Amino acid sequence: MGRVTLSVPRPTTSAPADLRVVPARYPLRWAGIAVVLVLLAQFAHGLATNPGWDWPTFAAFFASGAVVSALGVTLQLTAYATVLGFAVGAVLAVMRLSHSRFLRTVAWGYVWAFRSIPLIVQIIFWFNVSYLYPQLGFGIPFGPVLFTVPTQDLFSPLGAAVIGLTLHQAAYSAEIIRSGVLAVDPGQLQAAAALGIPRFRQFRRIVLPQAMRSILPTAANEVIGLLKGTSIVSVVAINELFYQVQVIYGRNARVVALLMVATVWYVVLTSVLSLVQHYVERHYAKGSR
Amino acid sequence: MIEIRDVHKSFGAHGVLKGIDLDVAAGEVAVVLGPSGSGKSTLLRSVNHLEKVDRGQIRVDGELIGYRRRGNRLHELKERDVLKQRSAIGFVFQNFNLFPHLTVLDNIAEAPVANGRLSKDRARVRAVELLGRVGLVDKADAYPRQLSGGQQQRVAIARALALDPKVVLFDEPTSALDPELVGEVLDVMRDLARSGTTMIVVTHEIGFAREVADTVVFMDDGRVLEQGPPSLVLDSPSHERTRSFLSKVL
């Protein structure tokens, strides 16, 4: 008869309490960091030492009266186009969500058309619209005209720019608002309907605050894009930031320094907008944690 | 209080309700049982016109739901009038559907304020009262996401009661809950039933049906197979289909 013996392996290492954890090391990551640091240092060194940046000129013009007043025009254009663009966009979004196939199709057509036309083409077009319609008449459609105004008075360069930016922005805003509304759980609408809450209040009080959570990040992108997009209206000689720096470097030939003036201002304004975005998003995050 | 007459409804070619007749008297509790897909939820949603029926009539407290009769024609009501009718009918959803961005208090106070029934202050006082009724006064300022499923459903019940509805409809109110939370919701519903609220409850809780229901309705494939007091339908059902269903859920 054989005997079975069970041998228990004796622990050869020390007791578990003595074991230390050694983190894994990644030498390549350190190499990557070193390369990037060298590149950054080179860039900073260039900024400080290359006389081509011409910081004294930058400093002279950065807060000059001409630049600051042009900055005001840029802010105005951004503000008007944001408010009007999102207002028209909201109407278009409601049309696209309506039960009427006709309204849906019209809104779809608008979005299709204005997303297809380059902004710069539109702005030059509105600037020149008085060739197409020298006079604008107000009255009963297909009936008598009550009064007329010269188109040029209504479509000042600034007016043409605002209209162009607004119509362009509205097409994008409409899609952003629509996607936000569609992202709200349909159960929310059913609950609101079951409680007999009037339609408009359902939208304002139940749907919109929830839609805002997905609308806001994209909308903020749009506003920032718009802020920089206003530089396009320089093609119709409106005295906004980018046009103004072009005028100045056309005179003194300090191109790089003046481009930096505009760049730094755009960066500052974008940063402020990002900060505003952060706080607005926090407001609409109520109840999500 | 609720009269359902010959109600038909189909989604495309698929018939969901195939001629339903049902009466619920004031203060009565009707519990609707049946396999999923039998049309229970659709029937319930038709009572407050969340679904439009294709044929037949539904009346709540004598008022035709969703239509106005002129001669031999039924004219569809405008949305505004449908919303007004709905404010007399409380509805409790399977998934609660509380408004996540509003506090518990505002969830309950929203509808009476929106319908111009109560001032904001009065609505809030009333909301606190109702929270007392479902045992959640201390949660008034919480947001729905901070509550358990059972608590959320109790808030949803309080919200449905805020308009002093003539009837309250429950669409599988405990089906989305963890088993241990079902009891607290059923307790609240039991209290409601005792206080004389007219209720239609779609549920799979046979015990609740036996204890609370005045009428148990068994539905299968868009038809009411049998209805009657719980002792009859639950203990000696006349249809084989009812028997096999009950043997599976009990």
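The model shown is predicted, which means the values in this text are computed figures rather than measured ones.
Proximity to chain A is limited to the side chain of B/Leu102, based on heavy atoms less than 4.5 angstrom apart. At a 4.5 Å heavy-atom cutoff, the contact between B/Phe99 and chain A is made by backbone and side-chain atoms alike. Of the two parts of B/Arg45, only the side chain, counted from C-beta on, holds a non-hydrogen atom closer than 4.5 Å to a non-hydrogen atom of chain A. For B/Asn48, the part lying under 4.5 angstrom from a heavy atom of chain A is the side chain only. Both the backbone and the side chain of A/Arg199 come within contact range of chain B, judged by heavy atoms closer than 4.5 Å.
No more than 12 heavy atoms of other residues, nucleotides or ligands sit less than 6.0 Å from atom CZ of B/Arg122. Crowding of A/Tyr26 atom OH: a count of heavy atoms from other residues, nucleotides or ligands under 6.0 Å not exceeding 12.
When each of B/Lys84, B/Glu79, B/Arg80 is scored by its heavy-atom pairs under 4.5 Å with chain A, the top score falls to B/Glu79. Listed options A/Gln202, A/Arg213, A/Arg201, A/Gln210 were ranked by heavy-atom pairs under 4.5 angstrom with chain B; first place goes to A/Arg201.
Checked against the 6.0 Å centroid threshold, A/Tyr172 and A/His168 count as a close aromatic pair.
Between the CZ atom of B/Phe170 and the CE atom of B/Met199 there is a distance of 4.0 Å, given to the nearest 0.5 Å. Once rounded to the nearest 0.5 Å, the distance linking CZ of B/Arg117 with CG of B/Asp164 reads 7.0 Å.
For the pair B/Arg159 and B/Phe96, the cation does not sit on the ring face, since its NZ or CZ is not both under 6.0 Å from the ring centre and inside 45° of the axis.
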